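Side-chain atoms are counted along with the backbone in the values below, which use heavy atoms only and exclude waters and symmetry mates. Every value quoted in this text rests on a predicted model; they were computed, and no experiment measured them.
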Amino acid sequence: MSTPVSTNLGTTTEADPRRWAGLAVLAASLLVVVMDMTILNVALPELTADLRPDAVAQLWIVDVYALVLAGLLVPVSALGDRWGRRRMLLAGFTVFGAASLLVLVADSPGEVIAVRALLGVGGAMIMPTTLSLIRTLFPDARERATALGIWGAMAAVGGAIGPIVGGALLEAFSWHAAFLFNVPVMVVAVVAGVLLLPESRSERPGRLDAAGVVASFGGMASFVYGVKHLGKEGLDPTTLATLGLGAALLTGFVLRCLRQDDPMLEVRLFRHRPFTAGVLAALTSSIAMVALLLLGSQWLQLVHGWSPLQTGAALLPMAVGGIVGSPLAPSLAERVGVRTVVAGGLAVAGVGLLLLFVLPQPLGYPSVAAALTLVGIGTASLAVGSAMIMGSAPADQAGSAAAIEESSFEIGGVLGVAVLGSLAAWTYRDGLPADATDLARESLAGALGTPAASAAVESFEHSFAVFGLAAGVLLIAVSALIWWLTPADLDLADVEH
């Protein structure tokens with residue numbers, strides 16, 4: 001049954017009766033994109049053995065997707081507001097599926113890098129557009145929060161089952177299957193999108209100026225590359241140069257947007273405290289979760305000797321917490337308040353991470369599973385945080401809000417690996433004996449089978465615990481900041497711009 005709602009223009013309209021079916025299309029497309037990110041991690045060893053890329057090419061195979069996606073989020077979102085969000089989403093499905101199919105003719109590292117870059121283009125067209133369409137499909141703030149909870153749950157599912165699906169595919173097929181898996185799904189998504197999603201455009205789209213596109217793309221790509229390089233090489237000249245260039249370009253882009261009445265990205269949204277609180281929740285949660293999945297996977301495979309498939313299954317508790325908690329978070333927010341759910345959720349996740357440090361060492365899997373579950377339940381509050389972000393923006397600025405939210409997730413993931421991953425790596429190296437080989441100091445994988453193996457395992461266990469301490473303190477500190485930023489009496493309906 002259609003529901004009358006008030007738009008931001010003051011008129012009454014009927015909520016689209018296909019909105020829940022449309023949400024299924026949007027959530028499923030996000031699921032596949034997130035799965036694709038994690039499936040590659042499982043397929044990378046076989047891909048490397050087949051194509052034999054050098055160290056630089058291997059890094060680009062991994063990194064180019066995130067660089068392209070992060071760089072294009074802002075201009076693509078602005079273009080979608082003007083061109084049509086459904087049209088942009090369908091084009092993204094097509095690009096993503098076509099790029100995946102091209103892997104059949106990719107027989108060199110350079111060609112795989114090109115495929116991954118094209119996948120990044122498709123991902124940039126898909127991910128923020130799903131949020132923009134949810135903003136317009138669900139004009140009612142409470143319904144939208146529920147829809148965003150389901151959307152967030154699908155992201156959690158994708159991150160968890162990606163390694164499982166990837167492991168199963170690689171047991172039966174070659175590494176190409178990790179890419180080809182996307183093709184039939186994208187075909188179905190295009191057909192379902194045509195049938196179920198309404199077109200949506202901004203009535204006041206931001207301008208698309210060439211200087212802004214160059215500054216936003218160059219700034220985001222340079223910043224992400226610099227942070228990634230920081231995690232691998234430390235503060236060397238390349239890191240300083242790329243971080244400096246990224247910061248300069250992004251600062252210039254923000255100042256340019258502030259001087260314009262119709263900017264490509266509406267950075268003035270940060271004047272709304274609930275919007276800023278929601279972005280902080282997304283950023284810090286992504287920092288912690290991505291690093292936890294990275295280090296947790298290494299702990300399971302290298303310390304305990306589990307297969308990629310077993311590892312994927314062992315990481316499921318975090319997804320289960322997100323699946324259960326995300327759809328329930330908006331209802332809980334109505335009972336106990338938005339501030340309590342978002343700030344409290346981050347605090348619960350922080351406590352889960354602290355378990356890695358306070359529980360008896362060496363950790364057993366039950367201890368890690370408990371930590372994963374608490375992190376999943378706590379970060380389910382991101383459903384309410386996303387409602388704060390998207391609801392703080394008028395419908396005609398949905399693209400800007402979506403681009404900022406997705407950028408916070410992307411930057412958070414990169415920072416998690418670079419900063420928390422580097423902290424863990426430094427702690428690991430610090431615990432090795434003086435006569436450990438360079439290969440052993442590089443990673444635990446390089447230490448196994450050497451005389452330093454036992455000490456390396458013990459040091460890695462300690463580094464995992466130190467990571468839990470740092471990530472837990474970060475989340476609890478940010479939860480306090482979010483508590484301060486969010487009004488005590490804020491209701492999801494009040495978030496509405």
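Counting only distance, with no hydrogens or angles, the side chain of Ser408 and the backbone of Glu405 share a donor-acceptor pair below 3.5 Å. Side-chain N or O atoms of Arg273 include none that pairs as donor or acceptor with a backbone N or O of Thr486 at under 3.5 Å. Side chain of Arg135 to main chain of Met390: a donor-acceptor pair is present (N/O by atom type, distance under 3.5 Å, no hydrogens or angles). Ser285 places no side-chain N or O within donor-acceptor distance of the main-chain N or O of Ala282, the cut-off being under 3.5 Å. With Asn182 contributing its side chain and Phe179 its backbone, the two residues share a donor-acceptor pair below 3.5 Å. Ser132 places a side-chain N or O within 3.5 Å of a backbone atom of Pro128 that can act as its donor or acceptor partner. Checking side-chain atoms of Ser326 against main-chain N and O of Ile323 turns up no donor-acceptor pair under 3.5 Å.
For the pair Leu30 and Ile126, the minimum side-chain heavy-atom distance is 4.5 Å or more. With contacts defined as side-chain heavy-atom distances shorter than 4.5 Å, the pair Val303/Gln298 does not qualify. Two residues are said to be in side-chain contact when any heavy atoms from C-beta on lie closer than 4.5 Å; Val185 and Phe93 fail this criterion. Between Met388 and His272, every side-chain heavy-atom pair lies at or beyond the 4.5 Å cut-off. Thr427 is not listed as a side-chain neighbour of Phe464, based on a closest heavy-atom distance of 4.5 Å or more. Between Val478 and Trp483 the shortest side-chain heavy-atom distance does not fall below 4.5 Å. Using a 4.5 Å heavy-atom threshold, the side chains of Thr379 and Leu475 count as separate. By the 4.5 Å heavy-atom criterion applied to side chains, Val320 and Thr373 are not counted as neighbours.
To the nearest 0.5 angstrom, Arg144 atom CZ is 12.0 Å from Arg19 atom CZ. We find the CG-CE distance between Leu293 and Met318 to be 3.5 Å, quoted to the nearest 0.5 Å. Between the CG atom of Leu245 and the CG atom of Leu240 there is a distance of 12.5 Å, given to the nearest 0.5 Å. One finds the OG1 atom of Thr130 at 6.0 Å from the CG atom of Leu26 (value rounded to the nearest 0.5 Å). Between atom CD1 of residue Ile411 and atom CG of residue Leu415 there is a gap of 7.0 Å, rounded to the nearest 0.5 Å. The line from OG of Ser29 to CG of Leu89 is 5.5 Å long, rounded to the nearest 0.5 Å.
Considering every non-hydrogen atom in both Val342 and Ala281, the closest pair reads CG1-CB, 4.1 Å. Among all heavy-atom pairs drawn from Leu346 and Ser479, the shortest one is CB-CB, 3.8 Å. Between Leu67 and Trp60, the shortest heavy-atom contact is CD1-CZ3, 3.4 Å. Ala291 and Gly416 make their closest contact through CB-O, 3.5 Å (heavy atoms, listed as atom of the first residue, atom of the second, distance). Listed here is the closest heavy atom pair of Gly413 and Ser286: N-OG, 3.0 Å. In plain terms, the two heavy atoms of Val115 and Ala99 that are nearest each other are CG1-O, 3.3 Å.
Thr239 and Asp236 share a side-chain donor-acceptor pair at under 3.5 Å.
Screening residues 317-359 for ring-ring contact (aromatic ring centres under 6.0 Å, His included) gives no qualifying pairs among residues at least two apart or on separate chains.
In this structure, Arg339 is not positioned above the aromatic face of Trp484 in the sense of NZ or CZ being under 6.0 Å from the six-membered ring centre and within 45° of the axis.
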Let's go through Leu300 and Leu315 carefully: what are the C-alpha distance in whole Å and the side-chain angles of both, what is the deciding distance for side chain to side chain contact (heavy atoms under 4.5 Å, CB included) to 0.1 Å, and is it a yes or a no? CA-CA 9 Å; Leu300 289 164; Leu315 294 172; 4.0 Å; yes
Does Leu265 form a side chain to side chain contact (heavy atoms under 4.5 Å, CB included) with Ile404? I'd like the steps, not just the answer. CA-CA 8 Å; Leu265 185 72; Ile404 291 171; 3.9 Å; yes
Checking Leu294 against Leu420 for the side chain to side chain contact (heavy atoms under 4.5 Å, CB included) test, could you report, in this order, the C-alpha distance in whole Å, the side-chain angles of both residues, the deciding distance, and whether it holds? CA-CA 10 Å; Leu294 172 68; Leu420 293 178; over 6 Å; no
Set out, in order, the CA-CA distance, both residues' side-chain angles and the distance that settles side chain to side chain contact (heavy atoms under 4.5 Å, CB included) for Leu180 and Ser100, then state yes or no. CA-CA 6 Å; Leu180 295 174; Ser100 301; 5.7 Å; no
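With sequence neighbours left out, Phe138 forms a ring-ring contact (aromatic ring centres under 6.0 Å, His included) with Trp20.
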Donor-acceptor list for residues 358-371 side chains, cut-off 3.5 Å, not counting sequence neighbours:
residue, atom, partner, partner atom, Å
Gln361, NE2, Leu356, O, 3.0
Gln361, NE2, Leu359, O, 3.2
Tyr365, OH, Ala314, O, 2.6

Tabulate below the donor-acceptor pairs under 3.5 Å that side-chain atoms of residues 455-463 make, not counting sequence neighbours, or state none.
residue, atom, partner, partner atom, Å
Ser459, OG, Tyr428, O, 2.6
Glu461, OE1, Trp299, NE1, 3.1
Ser463, OG, Phe460, O, 2.7

Donor-acceptor pairs under 3.5 angstrom involving side-chain atoms of residues 154-161: please list them, not counting sequence neighbours.
none

Under 3.5 Å donor-acceptor pairs involving side-chain atoms of residues 219-227, not counting sequence neighbours:
residue, atom, partner, partner atom, Å
Ser222, OG, Gly218, O, 2.7

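Each of Thr129, Leu69, Leu73 was checked for a side chain to side chain contact (heavy atoms under 4.5 Å, CB included) with Glu406, and the lone residue meeting it is Leu73. Between Met289 and the options Leu353, Leu372, Thr284, Leu382, a side chain to side chain contact (heavy atoms under 4.5 Å, CB included) holds for only Leu382.
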